[in-house]
Amino acid sequence: MKLVTFIHQDQERIGAVTNAGQIVDLERAYGLYLREVEGKAHAEKLAPIILGRDMCEFLRRGAEGSNAARKALAYVDTKANGTDDRMILDRRQVRLMAPVPRPGALISAGKNFSDHVAEMASKKGPTVPVAFLKLPGTVIGPEDDIPYPPEVKNLDYEVELAVIIGKPCVAVSEAEALDYVGGYAAFNDISARDVIRSENKFGIHLMGKSFPGFAPMGPFLVTADEIPDPQNLKVKLSVNGEVRQDSNLGFMIFNIRAMIAYWSQMGLDPGDVLTTGTPRGVAAGRKPDQTPWWLKPGDVVEAEVEKVGCLRNRIVSE
């Protein structure tokens, strides 16, 4: 399934995408299914209890929520005509949010592609997975504008895969790690490089990765069963149509299984998001002059992950 979080008539809803690209409001579709197919009383009240009211709650429901969503989609297929006009929505009627708009934790791998380590002039890569935290409030949707903070001079991009945890995950092995994945999304790790460089003089960076809007994610949560082998997906990023990054997750130093297993030692919860790190091609790694490569207001950044989807965000002055 391709799951989404969307806004319709000023309400946040969870949905799924049909083969035709329409958005199914899962709560409404499942409520109608319960009433018309299973004959349940108070079906409209039962639906949000079974599905959850947001994506994190949906993931916590586990198989019960997933089965309900699939029943809702199957029901919609039988109602091609004469459906409730609030149940199936045209893409233009909604605004997509990030599929997990409020992750419990947002853990981003650093120095996880050898070519990126080299372009950043690092002497060597890490011997264990390393990461920084981005504040959950940085997350925005797949078509939202990215604010350019007035105090930032060097704004950068990084295409990544977001790995969304689907069930409680504590001290798991690499062999079983993918069993704990709920799904995947495209991700763009926006970075204020000048702020990061100032922070790194005195300790680890935080603010340079966590200005509002510095974590576009989406457009969908593609469930893990749709992508049994995420490790060889292509990733690409362009700015104003010019390709800046073009690589493959097969070049990761620590693969997705290793990342999940390592960070599961501290416990991961449904709705937590891990991101993979990025390959070479970022503005900060350009030689000899980085100046032409920094993002600027008006730029359109497209970050795409094979089989997952594409983000398209414009940089705007804050």
Side-chain angles (χ1 to χ4, degrees), residues 1-6 13-27 29-30 51-52 54-77 88-89 91 94 96-101 103 139 141-143 159-167 169 172 174-188 216-236 247-250 252 255-257 259-260 268 270-276 302-312:
M1 289 185 291
K2 290 181 178 178
L3 301 173
V4 292
T5 299
F6 66 94
R13 317 286 292 180
I14 57 172
V17 183
T18 69
N19 291 333
Q22 295 173 303
I23 306 296
V24 174
D25 185 316
L26 285 176
E27 182 181 318
Y30 189 57
L51 287 166
D54 63 21
M55 194 64 73
C56 285
E57 283 192 9
F58 175 84
L59 292 168
R60 292 189 194 104
R61 298 295 189 269
E64 182 183 29
S66 293
N67 290 338
R70 295 183 192 282
K71 288 178 180 179
L73 288 173
Y75 169 78
V76 166
D77 284 342
I88 303 178
L89 301 165
R91 173 68 185 84
V94 307
L96 290 185
M97 302 176 69
V100 185
V139 173
E143 297 172 353
V159 62
E160 308 192 15
L161 176 71
V163 180
I164 300 155
I165 299 300
K167 57 185 179 181
C169 177
V172 304
E174 290 189 26
E176 61 185 339
L178 293 186
D179 296 339
Y180 292 83
V181 175
Y184 304 96
F187 189 83
N188 190 355
M217 178 166 53
F220 322 113
L221 185 161
V222 181
T223 53
D225 59 298
E226 299 281 336
I227 305 177
D229 180 15
Q231 199 56 66
N232 290 302
L233 298 177
K234 297 176 183 177
V235 294
K236 183 167 69 173
S247 191
N248 186 293
L249 296 179
M252 291 169 61
N255 65 23
I256 294 166
R257 289 179 180 274
M259 286 171 43
I260 295 169
L268 300 170
D272 286 351
V273 176
L274 313 180
T275 74
T276 55
E302 293 177 287
E304 184 174 4
V305 180
E306 181 186 11
K307 298 182 181 180
V308 175
C310 183
L311 311 171
R312 189 177 190 275

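- Counting heavy atoms from C-beta on, the side chains of P270 and F58 never come closer than 4.5 Å.
- The existence of a salt bridge linking R91 and E143 is confirmed by a sub-4.0 Å separation between a basic side-chain nitrogen and an acidic carboxylate oxygen.
- When the side-chain hydrogen bond (donor to acceptor under 3.5 Å, both in side chains) test is applied to R60, no partner is found at least two apart in sequence or on another chain.
- The side-chain contact (heavy atoms from CB on, under 4.5 Å) check on N19 picks up nothing, with sequence neighbours excluded.
- Between V308 and I227 the shortest side-chain heavy-atom distance falls below 4.5 Å.
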**OP:** Begin with the C-alpha distance, continue with both residues' side-chain angles, and end with the deciding distance and a verdict on side-chain contact (heavy atoms from CB on, under 4.5 Å) for T276 and M252.
**Re:** CA-CA 8 Å; T276 55; M252 291 169 61; 3.8 Å; yes
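- Listed by chain and residue number, nothing satisfies the side-chain hydrogen bond (donor to acceptor under 3.5 Å, both in side chains) test with T5 (two or more places apart in sequence, or in another chain).
- Residues satisfying the salt bridge (charged side-chain N to carboxylate O under 4.0 Å, His left out) test with K71, not counting sequence neighbours, are E38.
- Residues that satisfy the side-chain hydrogen bond (donor to acceptor under 3.5 Å, both in side chains) test with D272, not counting sequence neighbours, are absent from this structure.
- The closest side-chain heavy-atom distance from P142 to M217 is not below 4.5 Å.
- For the pair V17/F220, a side-chain contact is recorded, criterion being any heavy-atom separation below 4.5 Å from C-beta on.
- Atoms CD1 and CG, from I256 and L161 in turn, are 5.0 Å apart once rounded to the nearest 0.5 Å.
- Nearest heavy atom pair, residue A16 against residue L3, reads CB-CD2, 4.1 Å.
- For the ring pair (Phe, Tyr, Trp, His ring centres under 6.0 Å) test, residues two or more places apart in sequence or in another chain that qualify with Y30 are Y33.
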**OP:** List the steps, then state whether side-chain contact (heavy atoms from CB on, under 4.5 Å) holds for N232 with N248.
**Re:** CA-CA 6 Å; N232 290 302; N248 186 293; 4.0 Å; yes
Subject >> Test log, rule side-chain contact (heavy atoms from CB on, under 4.5 Å), inputs I260 and L178 >> reply: CA-CA 8 Å; I260 295 169; L178 293 186; 4.3 Å; yes
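- The shortest heavy-atom contact between C310 and E302 is SG-CB, 4.1 Å.
- Of all non-hydrogen atoms in M1 and L73, the two that sit nearest each other are SD-CD1, 3.8 Å.
- With a 4.5 Å cut-off on side-chain heavy atoms, V76 and I88 count as touching.
- In this structure, CD1 in I23 is found 7.0 Å from CZ in F6, a value given to the nearest 0.5 Å.
- Within the structure, the salt bridge (Lys or Arg N to Asp or Glu O under 4.0 Å) test picks out the following pairs touching residues 220-235 (sequence neighbours left out): R70-D225.
- Of all non-hydrogen atoms in G182 and L59, the two that sit nearest each other are CA-CD2, 4.4 Å.
- Every residue was checked against the salt bridge (charged side-chain N to carboxylate O under 4.0 Å, His left out) condition with E64, not counting sequence neighbours, and none meets it.
- Here M55 contributes atom CE and L221 contributes atom CG; the two are 5.5 Å apart, rounded to the nearest 0.5 Å.
- Listed by chain and residue number, nothing satisfies the salt bridge (charged side-chain N to carboxylate O under 4.0 Å, His left out) test with E304 (two or more places apart in sequence, or in another chain).
- What you find for T275 and E160 is that their closest heavy atoms are OG1-OE1, 2.7 Å.
- Atoms CG and CD, from L89 and Q22 in turn, are 8.5 Å apart once rounded to the nearest 0.5 Å.
- Side-chain atoms of V159 and N188, non-hydrogen and from C-beta on, never get closer than 4.5 Å to each other.
- Partners of R312 under the side-chain hydrogen bond (donor to acceptor under 3.5 Å, both in side chains) rule, at least two apart in sequence or in another chain, do not exist in this structure.
- With rounding to the nearest 0.5 Å, the separation of CG in L233 from CG in L249 is 5.5 Å.
- Atom CG of L274 is separated from atom CD1 of I164 by 9.5 Å, given to the nearest 0.5 angstrom.
- Looking only at side-chain heavy atoms (C-beta outward), P103 and V139 come within less than 4.5 Å of each other.
- Closest of all the heavy-atom pairs between A69 and L51 is N-CD2, 4.0 Å.
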